[in-house]
Amino acid sequence: MIKKIIVANWKMNPKTKEGAQVLLEAIKANIKGAKDVEVVICPPAIWLADLKAGGSMKLGAQNCHWEVSGAFTGEISAGMIADAGGEYVILGHSERRQYLGETDEIINLKIKAALKAKLKPILCVGEIAGEEMNVAAERQLISGLAGLSVNQLKEVIITYEPVWAISNAGNRPCLPDEALSAGLFIRKTLTKLYSRFAADKAPVLYGGSVNDQNDLAYIAQSRLDGLLIGGASLEAEEFGRIVKEIEKNENA
Ligand code: PGA
């Protein structure tokens with residue numbers, strides 16, 4: 001069975017390094033003892049080297065460049081993230097696709113760069129409002145994973161994030177049944193691209209307005225392998241409750 005993974009996407013928060021350190025320590029205190037769940041904290045990359053994870057808590061970044069180094073003003077390479085203590089990197093988040101013009105092709109290059117630097121890419125896929133889930137997810141998976149071997153796929157985590165459900169953006173949440181269908185569709189697509197065996201082994205997470213009220217539904221009813229949490233990951237107590245609840249459910 002795949003160990004459950006809970007990813008905290010802090011986005012461009014909090015405002016200061018001190019705030020980040022306080023939040024990380026508060027999360028640590030609130031998840032104390034939880035060792036059967038992998039917790040990945042993704043702060044703004046500028047603080048990666050200052051934050052100390054440890055135990056079942058790992059660090060990740062929210063983006064990387066596809067080149068190793070060079071004339072790319074303002075960018076950070078996957079190797080630099082690894083050097084600063086990051087082990088994961090979120091790639092293809094809808095906010096980067098939407099506001100920073102990231103295409104599936106760019107995301108594919110970034111995934112390859114992340115793998116070369118021994119980071120685990122967390123690839124986000126999902127439809128915008130009005131788009132069909134399967135059309136968007138299939139396109140993003142085919143292009144995002146293009147050229148990756150089955151061995152490389154083993155390092156990749158896929159997250160289903162319906163864009164209309166992120167940060168309570170839409171007028172309704174994503175139902176656990178919809179997350180279930182998306183998860184099954186993602187595995188079906190991975191089966192076509194690789195094999196049933198490889199698809200079953202790939203962790204598939206859900207993200208979009210997860211909180212301590214709906215977290216278990218996405219895990220239990222949607223049969224997914226973890227959660228990617230934005231807003232609620234900035235609330236140490238709530239985030240801690242989610243991690244503990246998921247672990248309790250695993251050990252029940
Ligand atoms: P949210 O963000 O939990 O605030 O909806 C999730 C994400 O965008 O990663």
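Counting starts at 1 for both ligands and their atoms, in listed order. Please read these numbers as outputs of a predicted model, since none were measured by experiment.
Residue Gly231 places at least one N or O, backbone or side chain, under 3.5 Å from an N or O of ligand 1. Polar contact with ligand 1: absent for Ile166 (N/O pair, distance under 3.5 Å).
Remark: side-chain polar atoms of Asn214 are paired, donor with acceptor, to backbone N or O of Asn211 under 3.5 angstrom.
Considering only non-hydrogen protein atoms, atom 3 (O) of ligand 1 sits nearest to Gly230 N, 2.8 Å. Of all protein heavy atoms, the one lying nearest to atom 2 (O) of ligand 1 is Lys11 NZ, 3.3 Å.
Environment of NZ in Lys116: sparse, with no more than 12 heavy atoms of neighbouring residues, nucleotides or ligands closer than 6.0 Å.
With rounding to the nearest 0.5 angstrom, the CG atom of Leu123 is 10.5 Å from the CD atom of Glu161.
Applying the side-chain hydrogen bond (donor to acceptor under 3.5 Å, both in side chains) rule to Lys58 yields no partners; only residues at least two apart in sequence or on another chain are considered.
The shortest heavy-atom distance from Ser167 to ligand 1 is under 4.0 Å.
Listed by number with element, the atoms of ligand 1 under 4.0 angstrom from any heavy atom of Glu161 are 6 (C), 7 (C), 8 (O), 9 (O). Against a heavy-atom cut-off of under 4.0 Å, Gly208 is close to the following atoms of ligand 1: 5 (O). Against a heavy-atom cut-off of under 4.0 Å, His93 is close to the following atoms of ligand 1: 7 (C), 8 (O), 9 (O).
Leu100 shares a hydrophobic cluster with Tyr99; the chain of contacts runs through ILVMFWY side chains whose heavy atoms sit under 4.5 Å apart.
Using a 3.5 Å distance cut-off with no hydrogens or angles, the side chains of Lys4 and Asn249 do not pair a donor with an acceptor.
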